[in-house]
S.K.: 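Sharing a structure below in structure tokens format, with a few things to ask.
We use all heavy atoms of the structure for the numbers below, so side chains are in, but hydrogens, waters and symmetry mates are not. None of these values were measured; they are calculated from a predicted model.
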Amino acid sequence: MASKIEWNNLNKMESFKELKELKGGVSLQKSLKGAAGVKRVEEFNIPMAAGLSYNYAAKQIDKKIISAFKKLVKEDQLLEKFAALYNGEVINTGEKRLVLHHLTRGQLGEKVIVDGVNKRDFYVRQQSAIADFADKIHSGKITNEKGEKYTTVCQIGIGGSDLGPRAMYLALENWARASGTFKMEARFISNVDPDDASAVLGSIDISRTIFILVSKSGTTLETLTNESFVKDAIKKAGLTVGKHMIAVTSETSPLVGNPDYMAAFFMDDYIGGRYSSTSAVGGAVLSLAFGPDVFARFLKGAAEADKTALEKDVTKNAALMDALIGVYERNVQGYPSTAVLPYSQGLSRFPAHLQQLDMESNGKSVNRFGKKISYVTGPVIFGEPGTNGQHSFYQLLHQGTNVIPLQFIAYQKNQTGKDVSIQGSTSQKKLCANVVAQIIAFACGKDDKDPNKFFSGERPSSLIYGKQLTPESLGALLAHFENKVMFQGFVWNVNSFDQEGVQLGKVLAKSVLSNDMEPVLKAYADLLI
């Protein structure tokens with residue numbers, strides 16, 4: 001019989017107390033030297049899904065720390081908690097909901113039946129319905145008022161309805177163009193600032209555009225405001241709204257059956273916005289932009305990564321190791337932030353997605369039971385693609401007063417196959433050389449009598465690397481970080497699947513708009529409204 005799962009604060013764990021005794025970590029300057037350093041790079045490496053690997057040789061950990069990790073995994077029942085999640089237990093305690101985003105891409109455990117519905121079958125049906133709709137759009141079976149094919153898809157959403165799908169689209173756009181799978185250009189409207197919608201609408205042919213309104217409830221204020229903006233533009237162009245809009249929403253949403261939408265695809269309360277890229281939220285726009293087969297390949301990579309997160313040995317489980325190293329850096333070493341540094345232009349918006357995924361999930365100061373916790377939780381996440389970041393904030397990363405752990409992402413090949421050779425090497429080789437140089441520079445530093453040119457080193461980093469950014473490897477990369485965040489939430493004993501901090505601003509904004517304001521709110525409102 002499986003042992004009962006217990007949810008305890010991190011500071012109650014005996015294994016965490018042992019981990020705190022190992023605060024000093026290891027010297028990167030010493031451990032990455034010579035033959036021993038080469039062996040470390042080879043040994044501290046974990047194969048991931050879809051041809052990716054996770055290398056943590058430049059992290060300040062050793063076998064003693066890994067031993068403490070193993071004890072923490074067992075004591076805190078981390079893998080059992082993951083099993084409870086994918087088997088359909090109510091893990092989102094704040095909203096009393098199941099957490100089922102893993103089911104959008106595969107079945108990890110038992111069948112999950114809710115109100116008589118097999119949820120895996122439900123998500124497969126949505127994927128199939130989207131695929132059928134996308135095929136009809138691409139083949140010309142569904143056309144605009146003039147019988148013309150649609151050439152653009154534009155997603156209207158905010159938060160998880162925008163950041164993830166936008167990041168995934170940009171990640172695969174170059175690959176799709178080069179591989180011949182590109183179908184339609186995708187654009188995105190998210191900000192309630194009217195300049196956002198105006199700029200997008202002014203740059204596209206509305207008559208040949210399908211707009212996807214994404215709102216689970218059908219009542220999100222910012223999204224409905226932009227919906228009205230778009231509908232007004234469609235009508236002013238002399239077009240029929242119902243020929244240009246589809247919805248991704250819940251089955252009980254007021255958008256369902258609305259004649260302004262030619263089709264509706266469904267999500268449910270068990271998929272959080274920031275975890276929704278593998279659901280209909282990402283599926284509709286990615287299937288229209290690149291074709292249903294590409295979206296299916298993306299899901300395949302995510303499903304493979306989920307399976308690797310089941311591995312019991314932490315030295316073979318990249319998501320779990322990444323999570324535990326992050327906890328060690330945050331709660332033992334006291335590092336406040338993490339920089340995500342993809343050396344791939346396709347991942348230009350991936351750090352922005354991870355900001356929401358990580359900070360909205362684990363930016364909590366009470367535990368799963370609403371009790372105040374006495375230790376720090378989620379770090380600040382930020383990042384930009386290399387080599388751009390090297391010419392801006394890397395100065396602080398190298399010589400600033402705070403040590404900030406780094407997560408590099410890099411690929412051996414670019415997406416287009418196009419390149420140029422200058423001064424004896426190609427652009428891609430120069431890109432990869434910069435990754436390697438930065439890892440060593442951060443870890444080992446540079447001695448110099450001039451304090452201005454002295455680099456202390458001992459700045460830890462990890463590297464996720466693979467052959468090329470493809471649909472499969474992108475899905476695996478996304479799922480890796482989703483599972484990392486999940487494991488860290490378990491360790492910190494917080495609910496990673498609600499977001500009350502997001503709701504407060506919405507409520508106050510409605511108070512301002514309704515003139516039901518406190519004096520200070522009114523004083524600020526008088527400055528702008």
Side-chain angles (χ1 to χ4, degrees), residues 1-20 66-103 106-120 268-272 275 306-317 319-328 330-332 361-362 364-378 479 482-498 500:
M1 181 181 294
S3 59
K4 180 182 178 181
I5 291 178
E6 296 183 359
W7 300 89
N8 295 308
N9 285 359
L10 176 60
N11 58 349
K12 300 297 183 182
M13 301 285 166
E14 291 299 321
S15 51
F16 178 62
K17 295 174 185 176
E18 179 180 332
L19 198 58
K20 288 176 71 176
I66 293 173
S67 177
F69 285 170
K70 291 179 178 179
K71 293 176 183 178
L72 180 57
V73 170
K74 185 176 181 179
E75 183 183 4
D76 206 12
Q77 301 173 290
L78 298 183
L79 293 168
E80 290 86 346
K81 288 171 181 175
F82 183 24
L85 183 150
Y86 62 69
N87 283 324
E89 293 192 22
V90 179
I91 299 299
N92 180 352
T93 50
E95 297 171 321
K96 297 180 175 57
R97 292 174 180 169
L98 289 67
V99 178
L100 301 181
H101 58 274
H102 294 88
L103 277 179
Q107 186 85 48
L108 287 174
E110 303 167 4
K111 290 183 179 179
V112 178
I113 310 295
V114 183
D115 296 329
V117 176
N118 181 314
K119 296 309 292 185
R120 172 61 184 156
D268 57 36
D269 284 338
Y270 311 120
I271 310 292
Y275 296 94
D306 289 340
K307 290 178 182 178
T308 68
L310 303 176
E311 171 59 51
K312 294 180 180 179
D313 184 348
V314 67
T315 64
K316 297 178 181 178
N317 187 328
L320 186 54
M321 178 65 82
D322 198 1
L324 292 168
I325 291 174
V327 169
Y328 176 72
R330 186 78 177 105
N331 295 94
V332 178
S361 294
N362 291 335
K364 311 290 173 62
S365 57
V366 298
N367 68 14
R368 297 172 55 81
F369 310 106
K371 303 295 184 182
K372 186 76 174 176
I373 52 180
S374 59
Y375 47 84
V376 295
T377 58
E482 289 180 348
N483 291 326
K484 171 191 174 179
V485 166
M486 172 194 68
F487 282 130
Q488 288 184 328
F490 291 161
V491 173
W492 287 318
N493 198 27
V494 299
N495 178 13
S496 300
F497 305 105
D498 64 2
E500 293 302 322

S.K.: Donor-acceptor pair, distance only, cut-off 3.5 Å: does the side chain of K71 make one with the backbone of E14?
M.R.: no
S.K.: On a heavy-atom basis, which atom in A68 and which in S15 lie closest, and how many Å separate them?
M.R.: O-CB, 4.2 Å
S.K.: For N362 and S496, which I'm curious about, is there any donor-acceptor pair between the side chains at under 3.5 Å?
M.R.: yes
S.K.: Exactly one of N11, N9, T377 should register a side-chain hydrogen bond (donor to acceptor under 3.5 Å, both in side chains) with N493. Which one does?
M.R.: N9
S.K.: Just wondering, do L85 and M486 contact through their side chains at under 4.5 Å, heavy atoms?
M.R.: yes
S.K.: Taking the side chain as C-beta and beyond, is there a heavy-atom pair between D269 and N92 under 4.5 Å?
M.R.: no
S.K.: At their closest point, which heavy atom of L10 faces which heavy atom of V327, and how far apart are they?
M.R.: CD2-CG1, 4.2 Å
S.K.: Any heavy-atom pair between the side chains of V491 and Q488 that's under 4.5 Å?
M.R.: no
S.K.: By side-chain contact (heavy atoms from CB on, under 4.5 Å), which residues pair with K307, not counting sequence neighbours?
M.R.: L108
S.K.: Taking side chain as C-beta onward, heavy atoms only, is L79 less than 4.5 Å from L310?
M.R.: no
S.K.: Report the C-alpha separation of K70 and D313 in whole Å, then their side-chain angles, then the decisive distance to 0.1 Å, and conclude whether the side chain to side chain contact (heavy atoms under 4.5 Å, CB included) test is met.
M.R.: CA-CA 8 Å; K70 291 179 178 179; D313 184 348; 3.9 Å; yes
S.K.: Side chain of N367, backbone of K371: donor and acceptor closer than 3.5 Å?
M.R.: yes
S.K.: Hey, does the side chain of E311 reach the backbone of K316 with a donor-acceptor pair shorter than 3.5 angstrom?
M.R.: no
S.K.: Verify, without hydrogens or angle tests, whether Q77 (side chain) and E6 (backbone) share a donor-acceptor contact under 3.5 angstrom.
M.R.: yes
S.K.: Please examine the side chains of L324 and L78, heavy atoms only from C-beta on, and report whether any two atoms are closer than 4.5 Å.
M.R.: yes
S.K.: Check whether any side-chain heavy atom of W492 sits under 4.5 Å from a side-chain heavy atom of N331, and report yes or no.
M.R.: yes
S.K.: I need the minimum non-hydrogen distance between F487 and A323, along with the two atoms involved.
M.R.: CB-CB, 3.7 Å
S.K.: At what distance, to the nearest 0.5 angstrom, does NZ of K4 lie from CD of E80?
M.R.: 14.5 Å
S.K.: For Y328 and L19, indicate whether the former's side chain and the latter's backbone hold a donor-acceptor pair under 3.5 Å.
M.R.: no
S.K.: Under the ring-ring contact (aromatic ring centres under 6.0 Å, His included) rule, what do F82 and H102 come out as? Steps first, then yes or no, please.
M.R.: CA-CA 11 Å; F82 183 24; H102 294 88; 5.1 Å; yes
S.K.: Considering non-hydrogen atoms only, spot the tightest contact between N317 and A309 and give its length.
M.R.: ND2-O, 2.9 Å
S.K.: Would you say N87's side chain and A83's backbone share a donor-acceptor pair under 3.5 angstrom?
M.R.: yes
S.K.: So, does N483 use its side chain to make a donor-acceptor pair with the main chain of A479 at under 3.5 Å?
M.R.: yes
S.K.: Is the closest side-chain heavy-atom distance between K111 and R120 below 4.5 Å?
M.R.: no
S.K.: Name all residues meeting the side-chain contact (heavy atoms from CB on, under 4.5 Å) criterion together with V90; count only those two or more places apart in sequence or in a different chain, and write none if there are none.
M.R.: L98
S.K.: Mind listing the closest non-hydrogen atom pair of N495 and G94 along with its distance?
M.R.: ND2-N, 3.1 Å
S.K.: Would you check, one step at a time, whether the test ring-ring contact (aromatic ring centres under 6.0 Å, His included) holds for W7 with F369?
M.R.: CA-CA 9 Å; W7 300 89; F369 310 106; 7.6 Å; no
S.K.: Please identify each residue that fulfils side-chain contact (heavy atoms from CB on, under 4.5 Å) with K119, with sequence neighbours left out.
M.R.: L100, L103, V112, V114, V117, F122, Y123, D268, Y270
S.K.: Under a 4.5 Å cut-off applied to non-hydrogen side-chain atoms, are F497 and I271 in contact?
M.R.: no
S.K.: Test R368 against I91 for side chain to side chain contact (heavy atoms under 4.5 Å, CB included), laying out the working first.
M.R.: CA-CA 9 Å; R368 297 172 55 81; I91 299 299; 4.0 Å; yes
S.K.: Taking only Lys NZ, Arg NE, NH1 and NH2, and the carboxylate oxygens of Asp or Glu, determine whether D498 and K364 approach each other closer than 4.0 Å.
M.R.: yes
S.K.: To check you understand the geometry: which heavy-atom pair defines the closest contact between I113 and N118, and what is its length?
M.R.: CD1-CA, 3.6 Å
